[in-house]
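In what follows, a structure is listed as C-alpha cells, so that the remarks can point back to it.
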Amino acid sequence: MNSTMLSYSLQERYADAFAKNFTIVFLAVIIISINGVFVFIFFRSSIFYYDPRYILYIHLVINDMLMVCFSVILFVMTFAWQNVPLPFCVTLLIIASTTHKNTPLTLAGMAVERYIAICKPLHHHQMCTVRRTYILISLIWGVGVLPGLADLILLSIFRPLSIFTTGTFCSSVSLYNTAYHGELNKFMNGLYTSIVWVILVFTYCQVLIAARRATTDKSSAKKAQSTILLHGAQLLLCMLSYITPVLDKIFLQIVTDQQKKIFFFNYLLTNILPRLLTPLIYGVRDKQFYKHIKGLFSCKLPIAKVKSTKISLSC
C-alpha cells in the first residue's frame, strides 16, 4: 500500500511539473512569436530605421523577448536541472536581471522622446537623432546590468571563491540569500522605480500643458498625451514582477496547502502575461505598424524603396 501511494504521489508530482512547464513554454512561444512579427516588420521596412520612436520601441520588444526566453529557461531548469554549474547560473541570472531592468528604463526613454517631439518640436530632429538613440540604448544596457553585477560582487565577497567551482540550484532567491543582497535589491528597485516614475509624470504633465496651449496640431499633442499614459500602464504591468516576492511571503504565511500552485500562478500573472500585453498595447495602436501587420497577413507587406517615392506591394 505504501509503495502504491508513493507511486501515485510521484505520478502526480511529475504531472504537475509537466503541466506547469508546458504552460510556461507555450505562453513564451506565443509571446516570442507575436513580438517576432513586430521585429520582422521593423527590419523588413526601412522607413522605421530612421525614426528614434520606432527604434526605441523595437528595442523594448527585443528586450522583452530576451527576458521571457531567459526567465522561462530559469523556470524550467528549477525542475529539470537541480545542480547547475554556478558560473553558468550566474550568467543566466545577470542576463535575466538586466533585461528585466531594461524595460522600465526603455519606457522612460520613449516618454522623453515624445515629450521632446511635442514640447520642443523645432529641436526634435537635432536632439533625437538615430545615433543618440543607439547611445541611449547602450546606456540603458549599461545601467540595467549594474544590479546583476552588484549581486555577483557581493556573492564573491561574502562567499568563498571555491563556490564558483560547485553546482547550485539556479535561483536568485537561493543563490543571493544574504542580508546584503536583500537590502541591495530593495534599494535598486526603489531607485529605478522612483526615477522612471518621476520621468513619466514630468513628461505627461508637460505634454498635457502643451496640449491645452496648442492652437494647431492639437490631435498630435493629444496622441502623445495618451501615448505617455500607455507607457504608464505598460510600466504598471511590468512592475507587477517587483511585488512577486511580497505576494509570495504573504501567501506563505496565510496558505499552508497548494502553495506551489499559488506561487506558480503568481509568477505567471506578474512576469509572463504582462509581456504578452505590452507589445499589443503600443504596437497594434501605431498606424504604421498596424498598416504593415495588415499588409503582412494579407500577403501585401509594403516595402519602402530608398531611391524612389513609390511603394511596391509584394507577397
Side-chain angles (χ1 to χ4, degrees), residues 38 42 48 50-64 67 98-144 146-147 188-243 274-275 277-290:
F38 290 103
F42 177 86
F48 297 117
Y50 307 103
D51 192 329
R53 179 163 62 102
Y54 291 117
I55 294 172
L56 285 172
Y57 171 68
I58 210 64
H59 171 256
L60 176 69
V61 170
I62 294 173
N63 180 80
D64 277 355
M67 200 224 78
T98 303
T99 52
H100 181 264
K101 295 292 187 298
N102 285 351
T103 298
L105 294 174
T106 306
L107 289 172
M110 294 170 72
V112 171
E113 188 276 332
R114 285 294 84 198
Y115 158 73
I116 295 172
I118 298 303
C119 299
K120 301 179 184 295
L122 298 177
H123 302 285
H124 181 260
H125 292 293
Q126 297 174 351
M127 298 174 68
C128 299
T129 62
V130 173
R131 180 174 174 273
R132 289 183 176 180
T133 303
Y134 284 117
I135 291 174
L136 175 62
I137 290 172
S138 301
L139 288 174
I140 287 172
W141 279 89
V143 174
L146 290 178
M188 287 294 186
N189 286 343
L191 180 65
Y192 278 58
T193 304
S194 302
I195 292 174
V196 172
W197 274 114
V198 167
I199 292 173
L200 282 178
V201 171
F202 172 78
T203 53
Y204 176 75
C205 291
Q206 291 297 315
V207 170
L208 180 63
I209 293 170
R212 289 182 176 179
R213 291 179 179 175
T215 55
T216 58
D217 202 15
K218 286 188 176 182
S219 61
S220 179
K222 248 184 179 179
K223 187 177 179 181
Q225 179 184 336
S226 58
T227 299
I228 294 178
L229 271 179
L230 283 176
H231 290 335
Q234 284 179 286
L235 186 61
L236 280 174
L237 289 172
C238 295
M239 286 176 60
L240 286 175
S241 56
Y242 287 131
I243 66 172
R275 268 68 193 183
L277 298 176
T278 49
L280 299 177
I281 289 175
Y282 188 82
V284 176
R285 178 176 170 271
D286 184 84
K287 289 182 180 180
Q288 285 288 348
F289 265 113
Y290 180 76

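Side-chain atoms are counted along with the backbone in the values below, which use heavy atoms only and exclude waters and symmetry mates. Since the structure is predicted, the reported quantities are computational estimates derived from the model, not experimental observations.
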Rounded at 0.5 Å granularity, tell me how far [atom1] in [X] sits from [atom2] in [Y].
{"X": "L107", "Y": "L60", "atom1": "CG", "atom2": "CG", "answer": "5.5 Å"}
{"X": "Y115", "Y": "H124", "atom1": "OH", "atom2": "NE2", "answer": "12.5 Å"}
{"X": "I116", "Y": "T203", "atom1": "CD1", "atom2": "OG1", "answer": "10.5 Å"}
{"X": "T106", "Y": "I140", "atom1": "OG1", "atom2": "CD1", "answer": "4.0 Å"}
{"X": "H100", "Y": "D64", "atom1": "NE2", "atom2": "CG", "answer": "10.0 Å"}

Smallest separation among heavy atoms of [X] and [Y], with atom names:
{"X": "R132", "Y": "M127", "result": "CD-O, 3.1 Å"}
{"X": "C119", "Y": "Q206", "result": "SG-O, 3.6 Å"}
{"X": "A111", "Y": "L200", "result": "CB-CD2, 3.5 Å"}
{"X": "I199", "Y": "A108", "result": "CG2-O, 3.8 Å"}
{"X": "P147", "Y": "Y192", "result": "CD-OH, 3.3 Å"}
{"X": "E113", "Y": "C128", "result": "CG-SG, 4.1 Å"}

Tell me, do [X] and [Y] make a side-chain contact under 4.5 Å, heavy atoms counted?
{"X": "H59", "Y": "T133", "answer": "no"}
{"X": "D51", "Y": "Y57", "answer": "no"}
{"X": "I55", "Y": "V130", "answer": "yes"}
{"X": "W141", "Y": "N63", "answer": "yes"}
{"X": "V112", "Y": "L136", "answer": "no"}

Legend entry - Backbone of Q126 reached by a side-chain donor or acceptor of T129 within 3.5 Å: no
